[in-house]
Number of protein chains: 2
Amino acid sequence: MTARKKLENELTKEMIIHEAHRHFIAHDYSKVSMREIAKELGCTHGAIYYHFKNKADLFYAVVEHYFNELNLILSECVFQEGNPTEKARNVLIEFIKFGLDHQSQYNYMFMKQDEEIDPLRQNASIESLHQFTKTIQKLYNEQLPNEEIFYIFVSMHGFVSHYAGRVENFEEAREAAERFTQYLIRALEKY
Amino acid sequence: MTARKKLENELTKEMIIHEAHRHFIAHDYSKVSMREIAKELGCTHGAIYYHFKNKADLFYAVVEHYFNELNLILSECVFQEGNPTEKARNVLIEFIKFGLDHQSQYNYMFMKQDEEIDPLRQNASIESLHQFTKTIQKLYNEQLPNEEIFYIFVSMHGFVSHYAGRVENFEEAREAAERFTQYLIRALEKY
DNA sequence: ACTCTTATTAACCAATGGTCAATAAGAGGT
DNA sequence: ACCTCTTATTGACCATTGGTTAATAAGAGT
(Lines give C-alpha, C1' and ligand atoms only; values in the text may rest on other atoms or scores of the structure.)
Protein backbone atom coordinates (compact mmCIF):
# COMPACT_ATOMS: atom_id res chain seq x y z
CA MET A 1 0.00 0.00 0.00
CA THR A 2 1.51 3.34 -1.01
CA ALA A 3 1.67 5.95 1.66
CA ARG A 4 -1.18 8.34 1.46
CA LYS A 5 -0.26 11.68 -0.04
CA LYS A 6 -0.29 14.48 2.46
CA LEU A 7 -2.92 17.08 1.90
CA GLU A 8 -1.85 20.63 1.32
CA ASN A 9 -2.09 21.64 4.94
CA GLU A 10 -2.01 18.27 6.62
CA LEU A 11 -0.49 18.18 10.06
CA THR A 12 2.69 16.21 10.73
CA LYS A 13 4.20 15.28 14.07
CA GLU A 14 7.22 17.31 13.09
CA MET A 15 5.18 20.43 12.48
CA ILE A 16 3.50 20.07 15.85
CA ILE A 17 6.75 19.42 17.68
CA HIS A 18 8.32 22.41 16.00
CA GLU A 19 5.51 24.71 17.00
CA ALA A 20 5.27 23.25 20.50
CA HIS A 21 8.99 23.76 20.89
CA ARG A 22 8.63 27.46 20.16
CA HIS A 23 6.14 27.76 22.96
CA PHE A 24 7.89 25.60 25.53
CA ILE A 25 11.14 27.51 25.29
CA ALA A 26 9.27 30.76 25.85
CA HIS A 27 6.94 29.73 28.65
CA ASP A 28 6.56 27.26 31.45
CA TYR A 29 4.87 23.94 30.72
CA SER A 30 1.78 24.87 32.66
CA LYS A 31 1.44 28.16 30.83
CA VAL A 32 1.48 26.67 27.35
CA SER A 33 -1.89 25.48 26.14
CA MET A 34 -2.72 23.00 23.45
CA ARG A 35 -5.12 25.53 21.98
CA GLU A 36 -2.40 28.15 21.56
CA ILE A 37 -0.23 25.69 19.70
CA ALA A 38 -3.13 24.55 17.57
CA LYS A 39 -4.12 28.10 16.74
CA GLU A 40 -0.69 28.88 15.38
CA LEU A 41 -0.72 25.68 13.39
CA GLY A 42 -4.06 26.67 11.94
CA CYS A 43 -5.95 23.71 13.32
CA THR A 44 -8.07 22.88 16.35
CA HIS A 45 -6.53 21.43 19.48
CA GLY A 46 -8.42 18.21 18.86
CA ALA A 47 -6.21 17.54 15.86
CA ILE A 48 -3.10 17.55 18.03
CA TYR A 49 -4.63 14.87 20.20
CA TYR A 50 -4.78 12.67 17.13
CA HIS A 51 -0.98 12.79 16.89
CA PHE A 52 -0.06 12.91 20.58
CA LYS A 53 -1.92 11.21 23.34
CA ASN A 54 -1.70 14.19 25.67
CA LYS A 55 0.19 17.34 26.54
CA ALA A 56 2.96 15.56 28.45
CA ASP A 57 3.50 13.25 25.53
CA LEU A 58 3.92 16.16 23.16
CA PHE A 59 6.20 17.89 25.59
CA TYR A 60 8.44 14.91 25.90
CA ALA A 61 8.76 14.66 22.15
CA VAL A 62 10.12 18.18 22.25
CA VAL A 63 12.52 17.53 25.11
CA GLU A 64 13.83 14.32 23.58
CA HIS A 65 15.62 16.38 20.97
CA TYR A 66 17.49 18.16 23.72
CA PHE A 67 18.71 14.99 25.34
CA ASN A 68 20.17 13.99 22.00
CA GLU A 69 21.73 17.39 21.53
CA LEU A 70 23.30 17.40 24.99
CA ASN A 71 24.71 13.91 24.60
CA LEU A 72 26.21 14.93 21.29
CA ILE A 73 27.79 18.05 22.76
CA LEU A 74 29.34 16.09 25.63
CA SER A 75 30.74 13.35 23.44
CA GLU A 76 32.28 15.84 21.04
CA CYS A 77 34.25 17.62 23.75
CA VAL A 78 36.78 14.79 23.83
CA PHE A 79 37.98 15.53 20.34
CA GLN A 80 38.81 19.14 20.94
CA GLU A 81 42.34 20.37 21.48
CA GLY A 82 44.02 20.73 24.84
CA ASN A 83 45.28 18.56 27.67
CA PRO A 84 42.93 16.35 29.71
CA THR A 85 42.43 19.00 32.35
CA GLU A 86 41.43 21.59 29.79
CA LYS A 87 39.18 19.13 28.04
CA ALA A 88 37.51 18.07 31.24
CA ARG A 89 36.87 21.64 32.18
CA ASN A 90 35.42 22.18 28.77
CA VAL A 91 32.99 19.34 29.30
CA LEU A 92 31.78 21.05 32.44
CA ILE A 93 31.55 24.41 30.73
CA GLU A 94 29.61 22.95 27.85
CA PHE A 95 27.20 21.24 30.18
CA ILE A 96 26.60 24.46 32.08
CA LYS A 97 26.29 26.37 28.84
CA PHE A 98 23.69 23.96 27.64
CA GLY A 99 21.80 24.24 30.90
CA LEU A 100 21.75 28.02 30.99
CA ASP A 101 21.07 28.49 27.29
CA HIS A 102 18.12 26.09 27.41
CA GLN A 103 16.78 26.71 30.85
CA SER A 104 13.21 25.54 30.45
CA GLN A 105 14.39 22.35 28.80
CA TYR A 106 17.08 21.74 31.37
CA ASN A 107 14.51 22.29 34.02
CA TYR A 108 12.40 19.49 32.67
CA MET A 109 15.29 17.25 31.73
CA PHE A 110 16.93 17.18 35.14
CA MET A 111 14.95 19.01 37.72
CA LYS A 112 11.22 18.91 37.53
CA GLN A 113 9.54 16.11 39.41
CA ASP A 114 6.09 15.71 38.01
CA GLU A 115 4.24 12.42 37.87
CA GLU A 116 2.71 13.51 34.61
CA ILE A 117 6.05 13.68 32.88
CA ASP A 118 8.54 11.70 34.88
CA PRO A 119 8.24 8.07 33.78
CA LEU A 120 9.14 9.06 30.25
CA ARG A 121 12.08 11.19 31.17
CA GLN A 122 13.75 9.14 33.89
CA ASN A 123 15.77 6.94 31.56
CA ALA A 124 17.00 9.72 29.34
CA SER A 125 18.25 11.70 32.30
CA ILE A 126 20.16 8.75 33.75
CA GLU A 127 21.58 8.13 30.29
CA SER A 128 22.95 11.66 30.25
CA LEU A 129 24.71 11.15 33.56
CA HIS A 130 26.27 7.98 32.16
CA GLN A 131 27.43 9.83 29.10
CA PHE A 132 29.00 12.45 31.30
CA THR A 133 30.77 9.92 33.49
CA LYS A 134 32.10 7.99 30.51
CA THR A 135 33.43 11.14 28.90
CA ILE A 136 35.30 12.25 31.99
CA GLN A 137 36.64 8.76 32.67
CA LYS A 138 38.04 8.59 29.18
CA LEU A 139 39.90 11.84 29.74
CA TYR A 140 41.47 10.56 32.93
CA ASN A 141 42.25 7.06 31.61
CA GLU A 142 39.55 5.45 33.78
CA GLN A 143 41.62 6.28 36.87
CA LEU A 144 38.97 8.12 38.86
CA PRO A 145 36.38 6.63 41.18
CA ASN A 146 32.98 7.03 39.58
CA GLU A 147 31.75 8.53 42.80
CA GLU A 148 34.13 11.46 42.49
CA ILE A 149 32.76 12.16 39.02
CA PHE A 150 29.27 11.92 40.32
CA TYR A 151 30.09 14.62 42.86
CA ILE A 152 31.22 16.86 40.05
CA PHE A 153 28.05 16.16 38.15
CA VAL A 154 25.85 16.93 41.11
CA SER A 155 27.73 20.13 41.89
CA MET A 156 27.59 21.29 38.31
CA HIS A 157 23.90 20.54 38.30
CA GLY A 158 23.60 22.70 41.39
CA PHE A 159 25.34 25.57 39.65
CA VAL A 160 22.99 25.41 36.71
CA SER A 161 19.87 25.14 38.77
CA HIS A 162 20.94 28.01 40.98
CA TYR A 163 21.65 30.38 38.09
CA ALA A 164 18.65 29.30 36.06
CA GLY A 165 16.10 32.08 36.32
CA ARG A 166 18.70 34.48 37.70
CA VAL A 167 20.49 34.95 34.40
CA GLU A 168 19.07 35.02 30.89
CA ASN A 169 21.72 32.85 29.30
CA PHE A 170 25.14 31.31 29.78
CA GLU A 171 26.97 34.46 28.76
CA GLU A 172 25.70 36.32 31.80
CA ALA A 173 27.13 33.68 34.09
CA ARG A 174 30.27 32.88 32.10
CA GLU A 175 32.78 34.31 34.56
CA ALA A 176 31.14 32.63 37.51
CA ALA A 177 30.97 29.39 35.54
CA GLU A 178 34.65 29.58 34.70
CA ARG A 179 35.66 30.07 38.28
CA PHE A 180 33.29 27.39 39.46
CA THR A 181 34.54 24.81 36.98
CA GLN A 182 38.08 25.63 37.96
CA TYR A 183 37.11 24.94 41.53
CA LEU A 184 35.53 21.62 40.56
CA ILE A 185 38.48 20.44 38.50
CA ARG A 186 40.86 21.48 41.24
CA ALA A 187 38.91 19.40 43.72
CA LEU A 188 38.84 16.49 41.31
CA GLU A 189 42.54 16.46 40.65
CA LYS A 190 43.49 16.93 44.26
CA TYR A 191 41.63 13.78 45.07
CA MET B 1 -12.26 49.30 69.03
CA THR B 2 -12.48 45.79 70.40
CA ALA B 3 -11.67 43.06 67.96
CA ARG B 4 -14.70 41.41 66.57
CA LYS B 5 -15.45 38.06 68.11
CA LYS B 6 -14.89 35.21 65.75
CA LEU B 7 -17.98 33.30 64.79
CA GLU B 8 -18.15 29.61 65.62
CA ASN B 9 -16.82 28.47 62.27
CA GLU B 10 -15.16 31.62 61.11
CA LEU B 11 -12.18 31.14 58.86
CA THR B 12 -8.74 32.34 59.95
CA LYS B 13 -5.60 32.72 57.89
CA GLU B 14 -4.01 30.13 60.11
CA MET B 15 -6.72 27.58 59.42
CA ILE B 16 -6.37 28.10 55.70
CA ILE B 17 -2.58 27.93 55.78
CA HIS B 18 -2.74 24.78 57.83
CA GLU B 19 -5.10 23.08 55.42
CA ALA B 20 -3.22 24.35 52.36
CA HIS B 21 0.00 23.05 53.86
CA ARG B 22 -1.47 19.56 54.08
CA HIS B 23 -2.24 19.65 50.38
CA PHE B 24 0.99 21.23 49.17
CA ILE B 25 3.20 18.70 50.88
CA ALA B 26 1.23 15.88 49.27
CA HIS B 27 0.85 17.22 45.75
CA ASP B 28 2.45 19.55 43.28
CA TYR B 29 1.38 23.20 43.30
CA SER B 30 -0.44 22.85 40.02
CA LYS B 31 -2.35 19.82 41.23
CA VAL B 32 -3.73 21.48 44.33
CA SER B 33 -6.91 23.44 43.78
CA MET B 34 -8.40 26.19 45.85
CA ARG B 35 -11.71 24.34 45.76
CA GLU B 36 -10.21 21.21 47.31
CA ILE B 37 -8.78 23.24 50.16
CA ALA B 38 -12.03 25.11 50.62
CA LYS B 39 -14.03 21.92 50.62
CA GLU B 40 -12.00 20.48 53.45
CA LEU B 41 -12.34 23.71 55.38
CA GLY B 42 -16.08 23.55 54.90
CA CYS B 43 -16.34 26.79 52.96
CA THR B 44 -16.43 27.91 49.37
CA HIS B 45 -13.26 28.81 47.51
CA GLY B 46 -14.43 32.38 47.29
CA ALA B 47 -13.94 32.71 51.03
CA ILE B 48 -10.25 31.89 50.70
CA TYR B 49 -9.86 34.72 48.23
CA TYR B 50 -11.05 37.04 50.92
CA HIS B 51 -8.02 36.12 53.03
CA PHE B 52 -5.43 35.60 50.30
CA LYS B 53 -5.23 37.52 47.09
CA ASN B 54 -4.53 34.43 44.99
CA LYS B 55 -3.20 30.91 45.00
CA ALA B 56 0.46 31.91 44.83
CA ASP B 57 -0.06 34.24 47.77
CA LEU B 58 -1.51 31.43 49.85
CA PHE B 59 1.25 29.11 48.78
CA TYR B 60 3.92 31.55 49.82
CA ALA B 61 2.35 31.90 53.24
CA VAL B 62 2.81 28.16 53.61
CA VAL B 63 6.39 28.16 52.40
CA GLU B 64 7.37 31.11 54.55
CA HIS B 65 7.20 28.91 57.62
CA TYR B 66 9.80 26.64 56.09
CA PHE B 67 12.24 29.45 55.44
CA ASN B 68 12.02 30.35 59.07
CA GLU B 69 12.52 26.77 60.13
CA LEU B 70 15.55 26.31 57.89
CA ASN B 71 17.17 29.52 59.07
CA LEU B 72 16.66 28.43 62.64
CA ILE B 73 18.21 25.02 62.01
CA LEU B 74 21.25 26.54 60.35
CA SER B 75 21.84 29.12 63.04
CA GLU B 76 21.60 26.52 65.79
CA CYS B 77 24.31 24.31 64.32
CA VAL B 78 27.01 26.65 65.56
CA PHE B 79 26.23 25.90 69.17
CA GLN B 80 26.64 22.17 68.90
CA GLU B 81 29.72 20.36 70.10
CA GLY B 82 32.71 19.53 67.92
CA ASN B 83 35.53 21.32 66.16
CA PRO B 84 34.85 23.81 63.36
CA THR B 85 35.26 21.16 60.68
CA GLU B 86 32.72 18.89 62.32
CA LYS B 87 30.36 21.78 62.89
CA ALA B 88 30.67 22.95 59.32
CA ARG B 89 29.95 19.50 58.02
CA ASN B 90 26.96 19.37 60.30
CA VAL B 91 25.61 22.55 58.78
CA LEU B 92 25.80 20.93 55.37
CA ILE B 93 24.20 17.74 56.61
CA GLU B 94 21.39 19.64 58.25
CA PHE B 95 20.75 21.63 55.12
CA ILE B 96 20.59 18.46 53.04
CA LYS B 97 18.44 16.79 55.63
CA PHE B 98 16.02 19.65 55.53
CA GLY B 99 15.94 19.54 51.73
CA LEU B 100 15.30 15.82 51.49
CA ASP B 101 12.84 15.64 54.36
CA HIS B 102 10.78 18.51 52.93
CA GLN B 103 11.19 17.96 49.25
CA SER B 104 8.14 19.74 47.90
CA GLN B 105 8.89 22.74 50.04
CA TYR B 106 12.55 22.77 49.15
CA ASN B 107 11.54 22.52 45.55
CA TYR B 108 9.56 25.71 45.81
CA MET B 109 11.97 27.47 48.13
CA PHE B 110 15.04 27.09 45.97
CA MET B 111 14.29 25.48 42.67
CA LYS B 112 11.04 26.27 41.00
CA GLN B 113 11.11 29.21 38.66
CA ASP B 114 7.63 30.43 38.13
CA GLU B 115 6.70 34.03 37.50
CA GLU B 116 3.57 33.50 39.49
CA ILE B 117 5.48 32.71 42.65
CA ASP B 118 8.97 34.06 42.23
CA PRO B 119 8.85 37.71 43.17
CA LEU B 120 7.65 36.79 46.64
CA ARG B 121 10.16 34.06 47.20
CA GLN B 122 13.28 35.64 45.77
CA ASN B 123 14.19 37.58 48.90
CA ALA B 124 13.66 34.74 51.30
CA SER B 125 15.84 32.41 49.28
CA ILE B 126 18.68 34.93 49.10
CA GLU B 127 18.26 35.46 52.81
CA SER B 128 18.82 31.76 53.38
CA LEU B 129 22.01 31.81 51.38
CA HIS B 130 23.19 34.73 53.50
CA GLN B 131 22.38 32.87 56.64
CA PHE B 132 24.36 29.90 55.39
CA THR B 133 27.37 32.00 54.45
CA LYS B 134 27.39 33.81 57.77
CA THR B 135 27.21 30.57 59.68
CA ILE B 136 30.14 29.02 57.84
CA GLN B 137 32.21 32.20 58.04
CA LYS B 138 31.75 32.30 61.78
CA LEU B 139 33.07 28.75 62.05
CA TYR B 140 36.18 29.61 60.08
CA ASN B 141 36.80 32.97 61.75
CA GLU B 142 35.81 34.91 58.61
CA GLN B 143 38.93 33.62 56.90
CA LEU B 144 37.30 32.16 53.78
CA PRO B 145 36.45 33.98 50.60
CA ASN B 146 32.68 34.21 50.32
CA GLU B 147 32.92 32.81 46.86
CA GLU B 148 34.31 29.53 48.14
CA ILE B 149 31.36 29.20 50.49
CA PHE B 150 29.01 29.98 47.67
CA TYR B 151 30.48 27.07 45.73
CA ILE B 152 29.72 24.79 48.62
CA PHE B 153 26.20 26.10 48.80
CA VAL B 154 25.61 25.59 45.11
CA SER B 155 27.05 22.09 45.19
CA MET B 156 25.02 21.12 48.20
CA HIS B 157 21.96 22.47 46.47
CA GLY B 158 22.85 20.26 43.51
CA PHE B 159 23.00 17.23 45.77
CA VAL B 160 19.58 17.89 47.20
CA SER B 161 17.95 18.59 43.88
CA HIS B 162 19.47 15.48 42.37
CA TYR B 163 18.25 13.18 45.13
CA ALA B 164 14.88 14.84 45.48
CA GLY B 165 12.35 12.54 43.92
CA ARG B 166 14.84 9.66 43.88
CA VAL B 167 14.68 9.06 47.61
CA GLU B 168 11.77 9.39 49.98
CA ASN B 169 13.64 11.14 52.75
CA PHE B 170 17.07 12.06 54.07
CA GLU B 171 17.61 8.69 55.70
CA GLU B 172 17.68 6.95 52.32
CA ALA B 173 20.46 9.20 51.13
CA ARG B 174 22.33 9.54 54.42
CA GLU B 175 25.43 7.61 53.42
CA ALA B 176 25.74 9.40 50.11
CA ALA B 177 25.20 12.69 51.89
CA GLU B 178 27.90 11.93 54.41
CA ARG B 179 30.44 11.12 51.74
CA PHE B 180 29.42 14.11 49.69
CA THR B 181 29.72 16.56 52.57
CA GLN B 182 33.12 15.10 53.40
CA TYR B 183 34.09 15.80 49.82
CA LEU B 184 32.85 19.37 50.07
CA ILE B 185 34.60 20.13 53.34
CA ARG B 186 37.79 18.58 52.04
CA ALA B 187 37.65 20.86 48.99
CA LEU B 188 36.93 23.84 51.22
CA GLU B 189 39.80 23.28 53.59
CA LYS B 190 42.27 22.52 50.85
CA TYR B 191 41.59 25.89 49.36
C1' DA C 1 -33.18 50.87 65.13
C1' DC C 2 -29.59 52.25 62.14
C1' DT C 3 -25.02 52.11 60.18
C1' DC C 4 -20.36 50.33 59.42
C1' DT C 5 -17.31 46.79 58.80
C1' DT C 6 -16.11 42.08 58.10
C1' DA C 7 -16.83 37.69 56.37
C1' DT C 8 -19.06 34.41 53.31
C1' DT C 9 -21.81 32.63 49.65
C1' DA C 10 -23.29 31.54 45.10
C1' DA C 11 -23.49 32.59 40.63
C1' DC C 12 -20.64 33.73 37.10
C1' DC C 13 -16.51 34.10 33.73
C1' DA C 14 -12.82 32.66 30.62
C1' DA C 15 -9.53 29.22 29.99
C1' DT C 16 -7.78 24.60 30.22
C1' DG C 17 -6.91 19.41 29.14
C1' DG C 18 -9.24 15.90 27.24
C1' DT C 19 -13.01 13.03 24.60
C1' DC C 20 -15.82 11.73 20.80
C1' DA C 21 -19.30 11.35 17.15
C1' DA C 22 -19.50 13.19 12.75
C1' DT C 23 -17.26 14.06 8.62
C1' DA C 24 -14.06 15.01 4.85
C1' DA C 25 -11.07 13.15 1.66
C1' DG C 26 -7.50 10.30 -0.42
C1' DA C 27 -6.49 5.15 -1.86
C1' DG C 28 -7.75 0.70 -3.56
C1' DG C 29 -10.67 -2.56 -5.47
C1' DT C 30 -14.63 -3.75 -8.36
C1' DA D 1 -18.09 5.65 -11.67
C1' DC D 2 -19.13 3.70 -7.25
C1' DC D 3 -18.29 1.70 -2.90
C1' DT D 4 -15.35 0.85 1.08
C1' DC D 5 -11.50 1.38 4.19
C1' DT D 6 -8.44 4.22 6.55
C1' DT D 7 -6.62 8.51 8.06
C1' DA D 8 -7.03 13.05 9.51
C1' DT D 9 -9.73 16.84 11.27
C1' DT D 10 -13.45 19.39 13.15
C1' DG D 11 -16.44 21.23 16.55
C1' DA D 12 -19.35 20.49 20.13
C1' DC D 13 -19.04 18.93 24.57
C1' DC D 14 -17.36 17.90 29.53
C1' DA D 15 -15.39 18.62 34.06
C1' DT D 16 -12.27 21.39 36.41
C1' DT D 17 -9.65 25.39 37.33
C1' DG D 18 -8.27 30.31 39.11
C1' DG D 19 -10.42 34.33 39.82
C1' DT D 20 -14.31 38.14 40.32
C1' DT D 21 -18.31 40.21 42.24
C1' DA D 22 -23.00 41.46 43.75
C1' DA D 23 -25.73 40.08 47.36
C1' DT D 24 -26.05 39.05 52.01
C1' DA D 25 -25.41 37.75 56.80
C1' DA D 26 -24.11 39.10 61.16
C1' DG D 27 -21.45 41.20 64.95
C1' DA D 28 -20.09 46.02 66.90
C1' DG D 29 -20.77 50.87 67.93
C1' DT D 30 -23.83 54.70 68.12
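Sequence lines set the chain letters: A, B, ... in the order given, protein chains first and strands last, and positions in each chain run from 1.
The aromatic rings of Phe95(A) and Phe153(A) stand perpendicular to each other, their planes meeting at an angle above 60°, with 30° marking the opposite boundary. Between Phe180(A) and Phe159(A), the two ring planes are parallel [angle under 30°; tilted spans 30° to 60°].
Taking atom CG of residue Leu11(B) and atom P of nucleotide dT6(C), one finds them 16 Å apart after rounding to whole Å. Spacing between atom NZ of Lys39(A) and atom P of dT10(D) amounts to 15 Å, rounded to whole angstrom units. Taking atom CD1 on Ile37(B) and atom P on dT17(D), their separation rounds to 11 Å, with Å as the unit. A straight line from NZ of Lys55(A) to C1' of dT16(D) spans 14 Å, rounded to a whole angstrom. To the nearest angstrom, P of dG11(D) lies 15 Å from CD1 of Ile48(A). Regarding Glu10(A), its CD atom lies at a distance of 10 Å from the P atom of dG26(C), rounded to whole Å. One can place CG of Asp57(B) at 14 Å from P of dG18(D), the figure rounded to the nearest angstrom. In this structure, Ile16(A) atom CD1 and dT9(D) atom P are separated by 8 Å, rounded to whole Å.
A rotation axis mapping the C1' atoms of four pairs onto the next four is fitted at both ends of the helix from dA1(C)-dT30(D) to dT30(C)-dA1(D) over five pairs, and the angle between these axes is 20° to 10 degrees.
With hydrogens and angles left out, the side chain of His45(A) and the base of dG17(C) share no donor-acceptor pair within 3.5 Å.
Of all nucleotides listed (dG17(C), dT10(D), dG19(D)), dG17(C) comes nearest to the side chain of Met34(A).
Phosphate contact (OP1/OP2 of dT9(D), side-chain N/O of Tyr50(A), threshold under 4.0 Å): absent. For Ser33(B) and dT16(D), the shortest distance from a side-chain N or O to OP1 or OP2 is not below 4.0 Å. Between dG19(D) and Tyr49(B), a contact under 4.0 Å exists linking OP1 or OP2 to a side-chain N or O. Within the structure, every side-chain polar atom (N or O) of His51(A) is placed at least 4.0 Å from both OP1 and OP2 of dT7(D).
For Gly42(B) and Glu36(A), each mapped to the nucleotide of DNA chain C holding its nearest heavy atom, the one lying further toward the 5' end belongs to Gly42(B). Each of Arg35(B) and Gly46(A) was assigned the nucleotide of DNA chain D with the nearest heavy atom; the assignment lying further toward the 5' end belongs to Gly46(A).
Shown here for Tyr106(B) and Gly99(B), the closest heavy-atom pair between the two residues is CD1-CA, 3.6 Å. Contact between Ser128(B) and Phe110(B) at its shortest, heavy atoms only, is CB-CZ, 3.8 Å. Contact record, Leu100(B) with Val160(B): CD2-O, 3.7 Å, taken as the closest heavy-atom pair.
Between Lys53(B) and Asp57(B) there is no salt bridge, since no side-chain nitrogen of the basic residue lies less than 4.0 Å from a carboxylate oxygen of the acidic one.
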Going by atom type alone, with no hydrogens or angles, which donor-acceptor pairs under 3.5 Å involve a side-chain atom of residues 85-92 of chain B and a protein atom two or more places apart or on another chain?
{"from": "Thr85(B)", "atom 1": "OG1", "to": "Glu189(B)", "atom 2": "OE2", "distance (Å)": "2.7"}
{"from": "Glu86(B)", "atom 1": "OE1", "to": "Asn83(B)", "atom 2": "N", "distance (Å)": "3.2"}
{"from": "Lys87(B)", "atom 1": "NZ", "to": "Val78(B)", "atom 2": "O", "distance (Å)": "3.0"}
{"from": "Arg89(B)", "atom 1": "NE", "to": "Thr181(B)", "atom 2": "OG1", "distance (Å)": "3.1"}
{"from": "Arg89(B)", "atom 1": "NH2", "to": "Glu178(B)", "atom 2": "O", "distance (Å)": "3.4"}

